[in-house]
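The model shown is predicted, which means the values in this text are computed figures rather than measured ones. Numbers restart at 1 for each chain; the letters A, B, ... are given by sequence-line order, proteins then strands.
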Number of protein chains: 2
Amino acid sequence: MDGHVTIKTIAKNTNFSLTTVSRVLNGTSEKHRISKTTQKIILEEAKKLGYIPNMAAKTLRSNRSHTVGLIVPSLSNPFFSIVASTVSKMLHNQGYVVLMSDSDNNEKEERKMLQALQAQNLVGLIAIPLGKRQNYELLNQSTIPTVFIDRFFSDFSFYSVSTDHYKSSFQLVEHLIEMGHRKIACIQGDEHVVSNTYRVDGYREALKVHGLTYQYLGGVSFTEEEGYLETKLLLQKKDRPTAILALSDTILLGVLKALKEAKISVPEEVSVVSFDNSSYLDFLEVPVTSIAQPITQIAQLAVRLLLEQIDDRGLSYREESERIILLDSTLIFRSSVADLRNR
Amino acid sequence: MDGHVTIKTIAKNTNFSLTTVSRVLNGTSEKHRISKTTQKIILEEAKKLGYIPNMAAKTLRSNRSHTVGLIVPSLSNPFFSIVASTVSKMLHNQGYVVLMSDSDNNEKEERKMLQALQAQNLVGLIAIPLGKRQNYELLNQSTIPTVFIDRFFSDFSFYSVSTDHYKSSFQLVEHLIEMGHRKIACIQGDEHVVSNTYRVDGYREALKVHGLTYQYLGGVSFTEEEGYLETKLLLQKKDRPTAILALSDTILLGVLKALKEAKISVPEEVSVVSFDNSSYLDFLEVPVTSIAQPITQIAQLAVRLLLEQIDDRGLSYREESERIILLDSTLIFRSSVADLRNR
DNA sequence: GTGAAAGCGCTAACAA
DNA sequence: TTGTTAGCGCTTTCAC
């Protein structure tokens, strides 16, 4: 017998039964009034042998895994990786183990991962879904407590936690308008993603409320390349905007690249604002005004809601207004917006 | 009976034995010459019932989990999150499930996580360890195939894959020297981390080879705050450097902040170079020359080595030269280095 | 206070 | 080509 230690080994060595060993090792000693001496003997033997419980056995027997699934569109996106980092840390602190899946922005992959996760007797799932609801429909019927982050499907029974994208976007555009901008273009990410569409809605609404007619919407994905290409296209137009709203910092970098190539100065000729507030925004050639999402707050809240559900096992019906939680963002002013009010 | 489907359900419904069902569902039909008809019946029933295998049972029975552990110092660091992203994707493609742990740059957490992971019957582990070897010593005795990324312990029997930090650093410093710099300061990260110490070694060696005596080494962690503080301190000195080597992009941001506050212009007054080559470097006030690590290559190689080990189950002895794999980096030239040769 | 025994869902000898 | 059976490590009734 090599280093393979089970409760059986411990039982044999200490002459106690499997039951007793199991109880001691699981902290249910009190409940069964197991003597201090016994506890000590067993605990010491376990330590001496370097006993490590077999989770598969525990899970199989108890049908409860202590494993939480986490599925994100792409870890290489800083927003998602910070969420993942916070979520995983909090969950670990609560004694859970985290199964991480990177769906690589691919619906098919996401589907596969969701299936793989289901096989793992998860006690809960935190998901930043891709755009389409379909993949999550099976889940919606199941009893696995689930919390969505950043994106959601309005008729699902799960909680979701995200920034109030609509409001944030509205504010951001309103700021531009207050600064005298009348022609504002928007470069979006993936239009299947609710967080994106809400931002677009906010953009449109702000224009409308202020009676502006100029409107330009481009872009198909949250990437630097797209930001670059869309800006190139935008600059072809004869009626150029005075401000560009980039719906993510990745897009922003592309926008800046195109602007630089065209030797258009920011903010003198074109103002620029973005979503995400990455730490490097302060150090760009011209620091960019941006919406800061309360990332850790979002992650923390999501974990709390998940744990609550896991604990009371009750997926009781909740009103939509209660299920969809929107947090306020912060507008960080920097120097990428020109003041056009005196011109 | 609610939606709880096991092979037993399928066996009952189709009047085949558990064995046959198990075989069909595991793709070992061929080996046992199970008839096409039987296969079809079972497969269809499984599909109809939405059968999802219970991994805990599989794992317990076969003592083989298809789960790979991944432990990283912090997902909020882009370098690590890109590694994690690539690793997790590749592993998923091979049918593995990834247990992710963020050790939060904390030795104690790392230890806990390593223990938690051991309980999961992992078939393999990929780790970006924190500095200290101690936590991994238990592992070194075990038979879990392990591959280290970025950092390693020289007398361990595991593979490790990383950039050739020493060489990269040497090159970078040599570049500064070639540009006429004679006083080069270095701001490091955590000195317990091999990747850091090798970079420092490269720095020192380059100075030595070129007979330079000015040397300045500061810093204790890979953070923006540290970069900032250390630069503040550095600027107090009466004998200022003409160039600063930041051992990461996070440190770099801090350096730039301090420089800006002190109204010291880059590169006219002080040149700056860094490690990591984050995508935003191009867009900084002055684009920063930097070492680009072959991140995805590293991740891919690590996964390949892990899978190899898992497959032949042989942790045969390997020479150190064979185990520690160093990849070349690329020096990306931008405009943060002043040419001092004519001055 | 402690123990015996059943069984979670699945796989793999061994049999037929 | 298919089936019987034992058992992976653990928890949990039920019993004493």
Before we go on, tell me: are the rings of B/F153 and B/F148 under 6.0 Å apart, centre to centre? yes
Could you give the [atom1]-to-[atom2] distance, from [X] to [N], as a whole number of Å?
{"X": "A/K36", "N": "C/dT2", "atom1": "NZ", "atom2": "P", "result": "12 Å"}
{"X": "A/L25", "N": "D/dG9", "atom1": "CG", "atom2": "P", "result": "15 Å"}
{"X": "B/R33", "N": "D/dG3", "atom1": "CZ", "atom2": "P", "result": "17 Å"}
{"X": "B/I10", "N": "D/dT2", "atom1": "CD1", "atom2": "P", "result": "16 Å"}
{"X": "B/H66", "N": "C/dC10", "atom1": "NE2", "atom2": "C1'", "result": "15 Å"}
{"X": "A/N15", "N": "C/dG3", "atom1": "CG", "atom2": "C1'", "result": "13 Å"}
{"X": "B/K12", "N": "C/dC10", "atom1": "NZ", "atom2": "P", "result": "13 Å"}
{"X": "A/K40", "N": "C/dT2", "atom1": "NZ", "atom2": "C1'", "result": "20 Å"}

Using distance alone, with no hydrogens and no angle criterion, decide if [X] and [Y] have a side-chain donor and acceptor under 3.5 Å apart.
{"X": "B/S22", "Y": "B/T19", "value": "no"}
{"X": "A/N106", "Y": "A/K112", "value": "no"}
{"X": "B/D102", "Y": "A/S85", "value": "yes"}

Any side-chain N or O of [X] under 4.0 Å from OP1/OP2 of [N]?
{"X": "B/T38", "N": "D/dT1", "answer": "no"}
{"X": "A/K58", "N": "D/dG9", "answer": "no"}
{"X": "A/S35", "N": "C/dT2", "answer": "yes"}

Which is true for B/N121 with a 4.0 Å heavy-atom rule: it touches a base, it touches only sugar-phosphate, or it touches nothing?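 Touches nothing.
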May I ask you to say what A/T59 touches in the nucleic acid, namely base, sugar-phosphate or nothing, with a heavy-atom cut-off under 4.0 Å?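 Counting heavy atoms under 4.0 Å across all strands, no contact is made by A/T59.
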Minimum-distance nucleotide to [X] side chain [options: [options]]:
{"X": "A/N26", "options": "D/dT11, C/dT11, D/dG3", "value": "D/dT11"}
{"X": "A/S22", "options": "D/dT11, C/dT11, C/dA13", "value": "D/dT11"}
{"X": "A/F16", "options": "C/dC10, C/dT2, D/dT4", "value": "C/dT2"}

Residue pair A/V21/B/I7 against DNA chain C: nearer the 5' end by closest nucleotide is A/V21
Establish whether the base of C/dG1 is bridged to the side chain of A/R23 by a donor-acceptor pair shorter than 3.5 Å.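 Looking at the base of C/dG1, it does not pair with any donor or acceptor on the side chain of A/R23 (distance under 3.5 Å).
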Taking atom CD as the centre, does A/Q134 end up with more than 12 heavy-atom neighbours from other residues, nucleotides or ligands that are less than 6.0 angstrom away?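 At most 12 heavy atoms, drawn from other residues, nucleotides or ligands, come within 6.0 Å of this atom.
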Does a side-chain N-to-carboxylate-O contact under 4.0 Å join A/R111 and A/E107? no
Does a salt bridge link B/K47 with B/E44, judged by any charged N lying under 4.0 Å from a carboxylate O?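 Between B/E44 and B/K47 there is no salt bridge, as every charged N stays at least 4.0 Å from the carboxylate O atoms.
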Quick one: on DNA chain D, does A/H32 or B/Q39 contact a more 5' nucleotide (nearest heavy atom)? B/Q39
Hey, which of A/T296, A/N77, A/I128 is the one that makes side-chain contact (heavy atoms from CB on, under 4.5 Å) with A/V83?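 Among the candidates, only A/I128 passes.
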Close N/O contacts between protein and nucleotides 5-8 of chain C (under 3.5 Å):
unit_1, atom_1, unit_2, atom_2, d
C/dG7, N2, A/R61, NE, 3.4
C/dG7, N2, A/R61, NH1, 2.8
C/dG7, N3, A/R61, NH1, 3.3
C/dC8, O2, A/R61, N, 3.3

